[in-house]
Amino acid sequence: MSITEKLLRTVESTEEHYNTGDYIFRENTMPQFYYQIVTGEVKLNSYSEDGREFIQNILSDGACMGESMLILSKPYPVNAIALTSCVIVKVGRDHFFQLLQLHPHLFNDIYTALADNTFEKLSLMRTITANNAEERLIEIMDLMKEFHDDKQKFSFEIPHTRQQLASLTGLSVETAIRAIKRLEKNNIVMIKDRKIYY
DNA sequence: TCATTAAAGTTAT
DNA sequence: ATAACTTTAATGA
């Protein structure tokens with residue numbers, strides 16, 4: 001999934017602190033660092049012409065971000081913005097590759113992270129092109145539940161706001177809210193204190 | 001079916 | 001207090 005902190009510290013690295021709303025990196029800039037979240041949540045997003053936000057992904061503890069662009073030396077296609085205050089370990093590009101050479105087993109971890117990303121991306125694609133709102137929401141909830149793997153009917157508390165769910169699925173908030181209510185009526189989701197359980 | 005607009009209530013900072 | 005989020009309703013593509 002990601003590189004153990006211990007190993008990250010063996011190479012020149014810095015621990016950065018970000019506040020809610022801070023940019024970790026911006027769209028169209030060149031990657032310079034490998035970033036890994038120690039604690040906190042980060043969203044990867046972009047905005048359409050009319051200013052509508054689309055969230056590509058929401059990442060939390062232990063996740064790394066932007067690896068593929070770092071490896072490819074291509075500008076970021078998304079922004080990375082802190083959703084909470086975050087502690088993030090930063091490793092310079094050269095040191096990152098040194099670390100990989102030094103510990104070849106890390107290729108496995110990166111490889112897995114990339115594969116995971118691809119899977120999420122493809123699933124997200126399917127989600128977004130799925131016709132109706134309810135299917136899109138079920139799809140994204142399935143993905144999230146898979147990551148935080150605790151199986152059981154209503155055992156998983158969706159860790160995002162309705163607004164975020166809407167931005168993740170390309171729906172308007174209002175549509176997302178109505179669809180969620182329909183899901184509740186159909187016993188697919190349970191709502192308690194405005195929290196969504198799936 | 002879904003987006004948009006508007007308006008009002010609720011929660012978080 | 002102020003901003004961010006949630007909800008409902010009317011209207012229109």
Side-chain angles (χ1 to χ4, degrees), chain A residues 14-29 35-63 65-66 76-90 119-148 150 152-198:
Chain A
T14 57
E15 189 180 271
E16 299 280 333
H17 184 270
Y18 297 89
N19 293 312
T20 306
D22 286 351
Y23 279 73
I24 293 128
F25 56 73
R26 283 172 188 275
E27 203 176 342
N28 294 322
T29 61
Y35 296 95
Q36 188 169 302
I37 303 174
V38 179
T39 59
E41 289 194 333
V42 173
K43 68 176 171 185
L44 302 182
N45 79 353
S46 55
Y47 300 93
S48 54
E49 279 295 320
D50 54 348
R52 262 178 71 80
E53 178 188 30
F54 186 78
I55 299 179
Q56 322 282 334
N57 210 347
I58 296 180
L59 306 165
S60 54
D61 298 14
M65 52 189 140
Y76 291 119
V78 292
N79 304 294
I81 304 174
L83 283 176
T84 63
S85 64
C86 291
V87 178
I88 294 175
V89 178
K90 235 169 91 172
F119 175 73
E120 290 234 351
K121 240 77 272 171
L122 291 175
S123 303
L124 197 61
M125 278 282 190
R126 187 180 60 179
T127 285
I128 287 155
T129 50
N131 300 331
N132 70 86
E134 287 162 61
E135 277 180 38
R136 295 196 210 183
L137 287 163
I138 289 173
E139 194 74 46
I140 203 100
M141 286 171 144
D142 274 334
L143 276 179
M144 298 186 315
K145 195 167 180 175
E146 192 158 341
F147 203 27
H148 278 133
D150 23 357
Q152 205 98 41
K153 298 277 165 178
F154 301 136
S155 65
F156 181 58
E157 180 184 328
I158 304 300
H160 306 313
T161 65
R162 285 150 178 74
Q163 210 141 160
Q164 287 171 335
L165 290 176
S167 294
L168 279 161
T169 49
L171 298 166
S172 69
V173 206
E174 297 88 339
T175 300
I177 286 169
R178 290 184 195 112
I180 290 164
K181 296 220 152 145
R182 260 178 271 133
L183 292 178
E184 184 193 23
K185 210 165 270 179
N186 296 344
N187 226 19
I188 294 168
V189 126
M190 180 192 157
I191 298 176
K192 198 179 175 188
D193 292 333
R194 293 182 161 199
K195 294 284 180 190
I196 304 164
Y197 298 88
Y198 177 62

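Below, chains carry the letters A, B, ... as their sequence lines are ordered, and counting in each starts from 1.
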First encountered from the 5' end of DNA chain B, between A/Glu134 and A/Lys195: A/Glu134

Within the pair A/Lys181 and C/dT6, is there a side-chain N or O less than 4.0 Å away from OP1 or OP2? no

Regarding A/Thr161, tell me which of base, sugar-phosphate or nothing describes its non-hydrogen contacts under 4.0 Å with the strands shown. sugar-phosphate

Is the ring pair A/Tyr76/A/Phe25 parallel, tilted or perpendicular, if the boundaries are 30 and 60 degrees? parallel

Looking at every strand, decide which applies to A/Gly21 at a 4.0 Å heavy-atom threshold: base, sugar-phosphate, or nothing. nothing

In Å and rounded to the nearest 0.5 Å, what is the CD1 to CD1 distance from A/Ile88 to A/Ile24? 4.0 Å

Are any of A/Thr175's side-chain N or O atoms less than 4.0 Å away from OP1 or OP2 of B/dA3? yes

Quick one: A/Gln163 CD to B/dT10 P, roughly how many Å, whole number? 18 Å

Atom pair distance, as rounded to whole Å: CZ in A/Phe54 and C1' in B/dA3: 16 Å

Any side-chain N or O of A/Arg178 under 4.0 Å from OP1/OP2 of B/dT1? no

Atom pair distance, as rounded to whole Å: CG in A/Leu83 and P in C/dC5: 10 Å

B/dG9 P sits how many Å from A/Arg162 CZ, rounded? 19 Å

Approximate separation, where rounding is to 0.5 Å, of A/Ile177 CD1 and A/Gln163 CD: 8.0 Å

With respect to the side chain of A/Arg194, which nucleotide from B/dT4, B/dT1, C/dT7 is positioned closest? C/dT7

For A/Ile177 and B/dC2, give me the distance from atom CD1 to atom C1', rounded to whole Å. 14 Å

Here the pair of heavy atoms bringing A/Ile196 nearest to A/Leu165 is CD1-CD1, 3.9 Å

Nearest-Å distance for atom pair CG/C1', residues A/Asp193 and B/dA12: 15 Å

Closest contact, heavy atoms only, A/Met65 versus A/Ala80: SD-CB, 4.2 Å

Identify whether any heavy atom of A/Arg52 sits under 4.0 Å from a base atom; if not, whether one sits that close to sugar-phosphate; answer base, sugar-phosphate or nothing. sugar-phosphate

In whole angstroms, the gap separating P of B/dC2 from CD of A/Glu174 amounts to 13 Å

d(CG, A/Leu171; C1', C/dT6) in whole Å: 16 Å

